[in-house]
Peer 1: 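Quick one: the structure is below, questions incoming.
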Amino acid sequence: MKPILVVIFLAFICAYASFAQNFKMDKLLYGVAYYDEYMPYDRLDKDVKMMKDAGINVVRIAESTWSTVEPQEGVYDFSHIDRVLDAMYKAGIRVIIGTPTYAIPTWLAKKYPDILATTSIGPNPYGTRQNMDITNEDFRRYAEKVIRKIMEHVKDHPAIIGYQVDNETKHYNTSGKNVQKLFVQYMKDKFKSLDVINQAFGLDYWSNRINNWDDFPSVEGTINASLKSEFSKFQRKLVTDYVAWQAAIINEYKKPGQFVTQNFDLEWKGFSYGIQPDVDHFAASKALDISGIDIYHPTQDQLTGIEIAFGGDLTRSMKSGQNYLVIETEAQGFAQWVPYPGQLRLQAFSHLASGANMVEYWHWHSIHNSAETYWKGLLSHDFEPNPTYNEAITIGKDFERLSSHLVNLKKTNQVAILFSNEAQTAFQCFGFGWGVSESYSDIVRQMYEALYKMNVGVDFIDPSVTDIDKYKLIIVPLLYAASDGLLQRFNQFVRDGGHIVYTFKSGFSDENVKVRTTQQPGIINEACGISYNQFTVPQNVSLKGDPFQVGMENNQVKIWMELITPHTAKVLAYYDHTVWGKYAAITQNNYGKGIATYIGCLTSNAVTAKILEDAVKKAGIWNIDQQIAFPLITRSGINQNGKNIH
Amino acid sequence: MKPILVVIFLAFICAYASFAQNFKMDKLLYGVAYYDEYMPYDRLDKDVKMMKDAGINVVRIAESTWSTVEPQEGVYDFSHIDRVLDAMYKAGIRVIIGTPTYAIPTWLAKKYPDILATTSIGPNPYGTRQNMDITNEDFRRYAEKVIRKIMEHVKDHPAIIGYQVDNETKHYNTSGKNVQKLFVQYMKDKFKSLDVINQAFGLDYWSNRINNWDDFPSVEGTINASLKSEFSKFQRKLVTDYVAWQAAIINEYKKPGQFVTQNFDLEWKGFSYGIQPDVDHFAASKALDISGIDIYHPTQDQLTGIEIAFGGDLTRSMKSGQNYLVIETEAQGFAQWVPYPGQLRLQAFSHLASGANMVEYWHWHSIHNSAETYWKGLLSHDFEPNPTYNEAITIGKDFERLSSHLVNLKKTNQVAILFSNEAQTAFQCFGFGWGVSESYSDIVRQMYEALYKMNVGVDFIDPSVTDIDKYKLIIVPLLYAASDGLLQRFNQFVRDGGHIVYTFKSGFSDENVKVRTTQQPGIINEACGISYNQFTVPQNVSLKGDPFQVGMENNQVKIWMELITPHTAKVLAYYDHTVWGKYAAITQNNYGKGIATYIGCLTSNAVTAKILEDAVKKAGIWNIDQQIAFPLITRSGINQNGKNIH
Amino acid sequence: MKPILVVIFLAFICAYASFAQNFKMDKLLYGVAYYDEYMPYDRLDKDVKMMKDAGINVVRIAESTWSTVEPQEGVYDFSHIDRVLDAMYKAGIRVIIGTPTYAIPTWLAKKYPDILATTSIGPNPYGTRQNMDITNEDFRRYAEKVIRKIMEHVKDHPAIIGYQVDNETKHYNTSGKNVQKLFVQYMKDKFKSLDVINQAFGLDYWSNRINNWDDFPSVEGTINASLKSEFSKFQRKLVTDYVAWQAAIINEYKKPGQFVTQNFDLEWKGFSYGIQPDVDHFAASKALDISGIDIYHPTQDQLTGIEIAFGGDLTRSMKSGQNYLVIETEAQGFAQWVPYPGQLRLQAFSHLASGANMVEYWHWHSIHNSAETYWKGLLSHDFEPNPTYNEAITIGKDFERLSSHLVNLKKTNQVAILFSNEAQTAFQCFGFGWGVSESYSDIVRQMYEALYKMNVGVDFIDPSVTDIDKYKLIIVPLLYAASDGLLQRFNQFVRDGGHIVYTFKSGFSDENVKVRTTQQPGIINEACGISYNQFTVPQNVSLKGDPFQVGMENNQVKIWMELITPHTAKVLAYYDHTVWGKYAAITQNNYGKGIATYIGCLTSNAVTAKILEDAVKKAGIWNIDQQIAFPLITRSGINQNGKNIH
């Protein structure tokens with residue numbers, strides 16, 4: 001079955017809604033990343049002309065060429081930036097300037113070898129990008145200097161509409177001595193006492209107890225999931241702090257109306273797949289005016305729109321529903337991604353349908369040397385028009401024409417998925433066991449995809465969420481580690497009339513990855529009306545009597561099963577197995593005014609879809625769109641004129 | 001086919017037998033490992049009560065918590081040990097104290113970083129257990145000190161019945177500079193002259209010749225299987241010496257009636273699978289009063305009893321048939337091991353049937369943090385009764401009731417399997433060739449399993465064996481490296497009327513892993529009445545005419561085939577192949593008063609079973625038990641009253 | 001289908017031909033490598049006797065035993081060499097002396113640890129051969145000294161006919177500090193200016209720009225394919241220089257009539273598979289009098305003769321058609337290679353059919369210790385006659401009898417395959433994309449095998465070729481990186497009436513691995529009459545209408561497809577696919593007096609064979625031999641009497 005993504009942009013007058021604080025755009029942006037520095041010969045005028053033809057109205061520049069801008073320490077050369085700014089300005093194309101800090105120059109690596117991060121596999125070699133220790137003081141000093149030099153030079157240029165700080169920033173697994181030192185200080189600040197840590201983290205186990213701050217060993221070799229998870233949290237905080245630090249520098253220079261953004265990226269699985277474990281997106285985006293995202297996805301027969309919607313919904317949720325920028329997405333991309341006719345167009349409008357105000361390709365021209373030679377841009381290496389470029393021309397025209405209807409589109413959803421970096425990295429310490437590759441993101445995506453195919457609009461929330469009451473239904477996949485407070489809030493949400501669907505392993509351990517000593521699923525068992533204290537790996541186990549009528553294959557249970565005893569809950573499915581047949585697999589409980597559904601095993605996509613369909617219906621949000629099923633996808637939002645765009 | 005392990009404990013009066021020297025127990029021990037140190041809150045009284053309910057009469061404590069006992073250098077805190085000893089004594093539960101040396105405290109790693117062993121992949125990080133260099137002098141000094149402090153503190157406590165030295169001790173691949181130095185000294189002591197080594201090890205090859213002791217290179221990079229194998233031998237000796245060193249310290253303190261033991265473990269393949277290459281179990285157990293073993297095995301549909309019997313027979317054989325302790329075995333274990341109803345019971349009695357005097361679970365409660373969170377104990381994380389615990393209650397009752405009948409059970413077997421660490425590690429240097437994963441243990445297990453399923457009781461012997469004449473049949477799998485003396489002894493054994501079954505590659509090289517220059521199979525060709533000097537890898541080769549009537553698939557030959565020419569031997573099977581059809585695959589030879597069978601290729605389990613059935617019959621030990629086939633398993637022994645327990 | 005290699009050596013009078021300059025042999029050589037040093041006991045006289053029986057008339061000795069010859073610094077022991085030389089001379093067996101430099105003695109590693117090369121995974125340990133940094137000055141000094149000592153000692157011995165310098169020399173990935181220093185110097189010498197490099201290599205990308213020679217970073221971590229490829233070129237030059245350096249030393253001592261050779265080897269894939277990426281064979285063989293090769297190949301049911309012919313054609317081409325030596329090939333080899341009766345014989349004559357003047361087994365006797373215990377020689381470990389040795393006896397007799405007919409056989413071919421180390425290592429930087437294992441050699445071999453099975457004689461040429469006009473047809477697989485000059489010469493070749501078959505990716509980037517900015521396929525598009533600027537990965541794509549009539553499975557397109565627009569070319573095949581159906585897959589263009597065929601996708605072996613059949617026919621070289629198809633293989637050449645041997 002070949003998915004057909006139908007994005008019908010007919011405007012219906014529907015309802016007015018109040019808008020959240022939002023960095024509003026005056027029009028839709030259609031852009032490319034542009035690297036004058038990489039050009040094999042002078043192409044600027046020709047390129048600007050071709051961009052204009054294609055309706056390109058914004059370019060991002062300068063984010064990866066520190067060694068060109070500062071060829072030697074203290075020697076600056078802004079000529080590439082200047083000539084591009086001038087040419088674009090003249091052509092009416094806007095510019096986003098990126099800071100060049102994610103790839104360090106040769107002279108800096110030579111002078112301060114320690115800037116190259118030490119990770120668990122040793123010190124990084126020079127060569128690739130993102131090889132530095134973002135906490136290194138020399139790096140920070142030189143990075144700040146080059147940023148300030150660039151800002152001083154460009155800040156008054158009228159072509160500039162905003163700035164991108166760094167690029168797909170992560171912590172790059174930096175874990176050398178200085179990072180360890182910072183971590184110990186972080187632990188002191190957070191926990192105050194080693195006794196607290198020893199107890200909360202269970203460090204008596206295997207003689208890992210720390211009785212003196214000076215003895216605190218490197219966490220590189222730790223086998224303690226609590227310590228490892230805390231280090232992951234700390235590493236994510238390094239990213240948040242680093243992004244905020246760069247944003248603060250830019251803020252000193254930026255003019256009114258200009259924005260600061262960042263191009264976050266997702267967990268990678270050959271494409272933009274899932275929740276990024278290395279960045280706390282919600283925390284890191286606080287320092288930004290607009291959130292941005294890089295989304296690369298399968299195309300051709302594999303294009304479903306899921307990655308576009310998933311990444312978009314997540315990015316829009318970073319700043320509470322505010323519109324966002326797709327800073328990078330593929331034009332041609334890898335050989336296997338060359339779009340079929342019409343696909344580039346579908347993709348562009350799909351981004352808008354999630355609330356994007358910009359769609360920007362990476363990148364304008366295909367690069368003639370080095371690592372990304374086969375990550376092709378809008379133009380091939382010959383710079384000539386090609387089918388993909390020709391399709392972009394039509395998109396540019398439509399963006400121009402429809403801009404006022406589609407810019408600043410407002411989305412209001414009644415369903416949210418809770419994701420948690422803490423749960424993700426804690427779960428990662430154990431996984432499902434040997435030889436099982438299913439990850440946290442796999443489970444989150446299973447839930448997301450079921451809703452996407454049901455045309456149910458979704459927000460993402462994380463444990464920092466404060467306004468869950470605006471949702472009717474919350475999906476909570478694999479919440480392996482969570483504080484008592486969060487789980488109690490969920491119980492309250494159900495009590496107050498909300499609907500929650502949990503999966504297996506939720507509530508299992510606390511925020512320090514200590515397994516709860518109380519009945520499982522921890523705390524939420526109250527709302528779920530169930531308990532279990534044994535779980536196993538299913539071998540030839542299915543759901544008794546095919547309760548969801550999905551057929552034999554889809555009725556199988558995979559990888560994980562909890563042996564659930566219902567207390568007040570209704571059993572939606574029992575296991576079908578000689579020994580485990582007396583235990584419940586899936587349950588539903590009326591609790592207060594709401595309903596809590598619990599999925600105690602990994603079910604097929606088909607079963608999951610049925611469970612969520614039931615939840616959507618019971619939450620009272622099943623309507624006309626849900627009766628249209630995948631491959632027909634509808635998306636909607638309210639535009640700046642208050643019209644509902646469908 | 002689901003295996004059913006039938007262990008029928010009906011007592012038949014049968015025969016009297018004399019007993020070997022034996023550390024006798026006054027009753028069956030039923031125990032758990034207990035970690036008061038790991039408890040999230042004070043559980044001691046509640047736990048003792050629940051243990052009593054379940055018939056638990058022994059606990060092992062203290063073996064992994066050095067950093068709790070000695071939180072800083074010279075600062076001791078015995079409170080956890082004391083309170084558990086007192087509570088257990090009060091409840092009539094016995095205690096085995098473990099020395100805490102297999103996991104070092106943070107302060108020790110900080111003060112002496114070199115204690116963390118250097119292996120072929122570099123220096124170990126801190127974190128996991130068993131990361132130390134067991135030859136390091138600082139480690140030894142501090143380990144001795146903490147052992148002595150503990151012993152001085154506890155030695156008079158009446159709850160203690162014995163001590164466990166260290167835990168699953170191995171050499172952990174330690175190979176740093178000091179180890180290299182010790183190895184060179186070992187080589188000097190053993191071989192005296194480099195010329196002897198150069199010649200015996202063939203070091204002229206690829207210019208590896210050593211002409212001066214000072215030039216002796218690290219063996220880390222060696223490509224010489226003789227050198228690598230000798231280093232393995234040396235590493236095993238480090239373990240033997242280390243265990244003896246700890247035992248000697250404990251022996252200074254222990255009281256009459258108390259024992260010293262160790263929990264050896266087996267080669268791991270997701271469970272306790274095969275012969276442990278890193279420890280010379282027979283040598284290392286000499287320093288102990290009782291041998292002990294950790295056995296973890298598949299359950300649910302995969303429970304066959306083979307691992308229990310294999311590990312048990314091996315451990316009983318360590319000290320010439322003396323009863324042993326199962327120091328660790330799973331209660332719930334991994335998710336995939338949660339026992340079906342009745343399985344915990346079957347398992348417990350299976351251990352006894354091999355001659356165990358104790359069955360002890362690892363561990364009492366499931367741990368709430370760190371690496372073994374999912375290696376579950378008798379209790380789940382909620383400490384509440386669960387189906388597994390409830391079944392333990394019935395086992396505890398039965399142990400109590402049947403104790404006098406089943407304790408100190410004596411096993412006398414007429415069949416032995418010879419295993420050899422030397423052959424194992426020498427074979428490992430070459431294996432069967434690229435891409436073939438079959439290991440030494442796979443071949444040993446194939447033999448063992450065939451006998452197990454035939455209900456033939458088996459002892460294990462190793463090359464140090466002196467009393468082979470007590471056996472009627474010896475199975476010799478893959479004896480790749482062996483001294484002339486051992487092979488000549490086997491020839492003599494056959495000459496004297498014994499029966500031997502050899503597999504391929506036996507006799508191939510000498511104890512220095514130099515291939516014999518004489519006819520193959522080396523030396524044993526005399527008793528086998530065959531020779532070969534070519535071998536190949538079978539491609540679509542089977543046994544001519546399906547001589548064992550096992551059907552087409554089972555009649556295939558896999559992985560290895562020797563092109564055997566029979567001299568005096570009878571050919572049991574020829575190869576079926578256009579070119580190799582003239583060579584023998586399996587032969588049998590009358591030699592002196594005995595019979596030697598030689599299996600020249602890797603046969604299916606079905607063929608192997610037929611060959612061994614024939615051997616068992618010809619050895620005159622086929623009787624009623626052998627006519628009951630797997631999945632019906634019978635086990636027998638003579639109890640302390642001289643009764644045969646079946 | 002079991003391949004039958006029919007090598008019929010009937011002499012037909014056919015045509016006279018002039019011979020190139022050639023190191024002529026007076027007779028066919030049939031030899032073994034012989035290691036007196038490795039013998040477990042004195043075997044010399046017995047071995048010589050058995051060699052004589054088998055017609056062995058040459059042995060290679062001494063190439064791997066530096067530590068035996070120089071047991072301590074400055075202490076020499078030539079006794080093994082002397083006794084072998086004397087014994088062989090007495091028996092009329094000739095000797096090739098190898099220099100012992102490819103495996104260093106323990107004392108040298110001890111004294112100069114830096115001689116052990118540092119590679120990307122750190123410093124090499126001692127143990128294996130070929131672990132040294134061939135640029136290390138201490139190594140060179142000691143190597144030169146031992147070579148000179150040996151030469152001074154043996155140079156007058158009448159048994160010696162030639163010398164082998166080192167053994168299968170490669171660069172062993174040496175990349176430590178001194179190598180980096182040499183590389184920077186090489187870059188300075190070659191490119192003069194960093195600006196040239198920055199531009200040609202595209203170093204602005206990811207801030208890799210180098211603005212000062214002192215900043216030049218180690219290339220170990222580089223992500224720049226141009227830099228990586230240039231480093232590969234430099235590493236190959238190290239090998240060329242090293243071989244020349246050793247040859248020059250030997251040349252000072254060698255007598256008239258003696259030769260210097262080297263045993264090059266091929267890319268390894270469990271056997272001698274493809275083009276060796278680490279050595280520029282054509283350049284390195286310039287310093288030699290005769291080229292030599294080691295060929296190990298599958299046998300039994302997998303014997304096709306392809307590896308023998310491939311390696312032979314390549315080695316013969318190294319010195320423009322001069323006869324060569326097969327310095328090593330298997331006798332028994334690995335267990336899976338034990339030859340069927342008759343195969344050793346087929347193999348020996350196959351080597352001669354490619355123009356070999358010597359067939360030499362590695363090795364005489366199987367080794368009793370260390371890494372190559374299972375790489376068996378003519379004799380097994382028992383030194384007794386065996387079927388393989390017995391077959392050698394018959395070969396020795398035939399070689400003796402047919403020597404004058406078959407020695408110095410001259411091959412003149414009208415078809416050449418162009419291979420390119422530059423294209424190979426440049427392509428390797430990118431490959432076909434994630435998860436695709438097909439390599440450069442796979443594509444070269446696909447072409448070669450099609451011609452081999454068509455009985456079309458083939459030479460190999462590389463980009464240094466100057467006399468392409470002597471060929472009628474040139475096959476150019478995957479010429480991913482090439483200079484403008486080479487491609488223009490090919491265009492000229494076609495213009496002048498030549499025929500070329502190109503595959504996909506040819507012409508894509510220049511000699512610095514910068515993708516061409518002009519129409520693809522770069523430069524050769526002129527002769528091919530096509531262009532493309534998009535390519536993708538085929539999913540369920542075949543050739544429209546099965547134009548080569550190969551059946552559904554063989555008609556599939558795999559891994560790579562270029563979306564070709566024909567200009568003047570005729571389309572031999574279009575893609576069969578909903579979207580890509582309008583693009584050409586395979587084209588043929590009349591250009592000048594010649595024809596250029598372009599294969600734009602990876603086709604099955606069957607389709608490739610049909611395309612090449614067409615090309616061979618159109619080049620006018622289809623005759624009687626081509627009508628005999630594989631498994632009937634014919635080979636031909638002109639012997640020294642001017643007779644055509646078929």
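Everything quoted here is computed from the prediction, not taken from an experiment. So that the names make sense, note that chain A is the first sequence line, chain B the second, and so on, each numbered from 1.
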Peer 1: Could you look at C/Glu37 and say if it's the side chain, the backbone, both or neither that has a heavy atom under 4.5 Å from chain B?
Peer 2: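 It is both, since atoms from each part get that close.
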Peer 1: Report the relative orientation of the aromatic rings in B/His577 and C/Tyr340; use parallel for angles under 30°, tilted for 30 to 60°, perpendicular for over 60°.
Peer 2: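 The arrangement is tilted - the two ring planes meet at 30° to 60°.
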Peer 1: Ignoring hydrogens, what is the shortest heavy-atom contact between B/Gln199 and C/Met39? Give both atom names and the distance.
Peer 2: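 That closest heavy-atom pairing would be NE2-O, 4.2 Å.
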Peer 1: State the CD-CG distance between C/Gln72 and B/Asp215, to the nearest 0.5 angstrom.
Peer 2: 5.0 Å
Peer 1: Do the ring planes of C/His381 and B/Phe508 sit parallel (below 30°), tilted (30 to 60°) or perpendicular (above 60°)?
Peer 2: perpendicular
Peer 1: Hey, which of C/Ile367, C/Asp382, C/Thr373 has the most heavy atom pairs under 4.5 Å with chain B?
Peer 2: C/Asp382
Peer 1: Under the salt bridge (charged side-chain N to carboxylate O under 4.0 Å, His left out) rule, what pairs show up with a residue in residues 508-524 of chain B, not counting sequence neighbours?
Peer 2: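 For residues 508-524 of chain B, and leaving out neighbouring residues, the salt bridge (charged side-chain N to carboxylate O under 4.0 Å, His left out) pairs sorted by first residue read B/Asp484-B/Arg516.
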Peer 1: Are C/Gln300 and B/Val537 packed together at the side-chain level, in the sense that at least one heavy-atom pair is separated by less than 4.5 angstrom?
Peer 2: no
Peer 1: Answer yes or no: is there a side-chain heavy-atom contact under 4.5 Å between B/Ser207 and C/Ile104?
Peer 2: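 Not in contact.
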Peer 1: Could you tell me whether the side chain of C/Asn369 and the main chain of B/Ala200 form a donor-acceptor pair under 3.5 Å?
Peer 2: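 Yes.
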Peer 1: Looking at C/Ser370, C/Ala103, C/Pro341, C/Gly127, which one has more heavy-atom pairs under 4.5 Å with chain B than the rest?
Peer 2: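 Sorted descending by pairs with chain B, the first entry is C/Ser370.
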Peer 1: So do C/Phe383 and B/Thr517 actually touch side chain to side chain, heavy atoms under 4.5 Å?
Peer 2: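 Yes, side chains in contact.
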Peer 1: Identify which of B/Leu563, B/Val515, B/Val219, B/Asn212 forms the greatest number of heavy-atom pairs closer than 4.5 Å to chain C.
Peer 2: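 Most heavy-atom pairs within the cutoff with chain C belong to B/Val515.
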Peer 1: Does the side chain to side chain donor-acceptor pair (under 3.5 Å) test come out yes or no for C/Ser380 and B/Gln520, once each step is laid out?
Peer 2: CA-CA 10 Å; C/Ser380 289; B/Gln520 292 292 356; over 6 Å; no
Peer 1: Tell me if the NZ atom of B/Lys558 is crowded by more than 12 foreign heavy atoms within 6.0 Å.
Peer 2: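 Correct, the count exceeds 12.
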Peer 1: Chain B: which of C/Glu70, C/Gln336, C/Glu384 shares the most heavy-atom pairs with it under 4.5 Å?
Peer 2: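 When all of C/Glu70, C/Gln336, C/Glu384 are compared, C/Gln336 has the most.
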Peer 1: Please classify the contact of C/Tyr35 with chain B as side chain, backbone, both or neither, using a heavy-atom distance under 4.5 Å.
Peer 2: neither
Peer 1: Which one wins on heavy-atom pair count under 4.5 Å against chain B: C/Leu108, C/Asn131, C/Thr128, C/Leu379?
Peer 2: C/Thr128
Peer 1: For residues C/Gly270 and B/Trp434, report the shortest heavy-atom separation together with the two atoms involved.
Peer 2: O-CZ3, 3.5 Å
Peer 1: Could you look at B/Trp206 and say if it's the side chain, the backbone, both or neither that has a heavy atom under 4.5 Å from chain C?
Peer 2: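 Both parts, backbone and side chain.
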Peer 1: Is it true that, when you exclude B/Lys177 itself, more than 12 heavy atoms of the residues, nucleotides or ligands shown sit nearer than 6.0 Å to its NZ?
Peer 2: no
Peer 1: Any luck finding a side-chain donor-acceptor pair between B/Asn533 and C/Asn386 under 3.5 Å?
Peer 2: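 Judged by distance alone, the side chains do not pair up.
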Peer 1: Non-hydrogen atoms of chain C under 4.5 Å away: do they reach the side chain of B/Gln539, the backbone, both or neither?
Peer 2: side chain
Peer 1: If you compare all heavy atoms of B/Tyr583 against all heavy atoms of C/Pro387, which two are closest, and at what distance to 0.1 Å?
Peer 2: OH-CG, 3.7 Å
Peer 1: With a 4.5 angstrom heavy-atom cut-off, is it the side chain or the backbone of B/Asn198 that approaches chain C, or both, or neither?
Peer 2: neither
Peer 1: What part of C/Ser366 gets closer than 4.5 Å to chain B, counting heavy atoms only: side chain, backbone, both or neither?
Peer 2: neither
Peer 1: Could you please state which residues from residues 226-234 of chain B sit under 4.5 angstrom from chain C, measuring non-hydrogen atom to non-hydrogen atom, sorted by number, or 'none'?
Peer 2: B/Ser226
Peer 1: May I ask you to list the residues in residues 109-125 of chain C that approach chain B closer than 4.5 angstrom, counting heavy atoms only, ordered by number?
Peer 2: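 Residues in range: C/Lys110, C/Pro125.
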Peer 1: What part of C/Tyr126 is in contact with chain B, defined as an atom under 4.5 angstrom from a non-hydrogen atom: side chain, backbone, both or neither?
Peer 2: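 It is both, since atoms from each part get that close.
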Peer 1: With only heavy atoms counted, which part of B/Val579 is less than 4.5 Å from chain C, the side chain, the backbone, both or neither?
Peer 2: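 Contact with chain C involves the side chain of B/Val579 alone.
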Peer 1: Which residues pass the salt bridge (Lys or Arg N to Asp or Glu O under 4.0 Å) test with C/Glu330, not counting sequence neighbours?
Peer 2: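 C/Glu330: no salt bridge (Lys or Arg N to Asp or Glu O under 4.0 Å) contacts found.
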Peer 1: Of all the heavy-atom pairs spanning C/Ser67 and B/Asn211, show the shortest one and how long it is.
Peer 2: O-ND2, 3.4 Å
Peer 1: Which one of B/Val513, B/Asn540, B/Thr518, B/Leu203 has the most heavy-atom pairs closer than 4.5 Å to chain C?
Peer 2: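 Of the options given, most contacts go to B/Val513.
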Peer 1: So which of B/Asn224, B/Asn512, B/Asp204 has the biggest tally of heavy-atom pairs under 4.5 Å with chain C?
Peer 2: B/Asp204
Peer 1: Which bit of C/Glu372 is near chain B, if near means a heavy-atom gap under 4.5 Å: side chain, backbone, both or neither?
Peer 2: both
Peer 1: Report which part of B/Tyr205 has an atom under 4.5 Å of a heavy atom belonging to chain C: side chain, backbone, both, or neither.
Peer 2: both
Peer 1: Does atom NZ (B/Lys181) have a neighbourhood of more than 12 heavy atoms from anything else shown, all under 6.0 Å?
Peer 2: no
Peer 1: Determine, stepwise, if the pair C/Thr65 / B/Arg209 fulfils side-chain contact (heavy atoms from CB on, under 4.5 Å).
Peer 2: CA-CA 8 Å; C/Thr65 50; B/Arg209 187 177 185 87; over 6 Å; no
Peer 1: For the side chain to side chain contact (heavy atoms under 4.5 Å, CB included) test, which of B/Asp214, B/Asn208, B/Ile210 pairs with C/Thr106?
Peer 2: B/Ile210
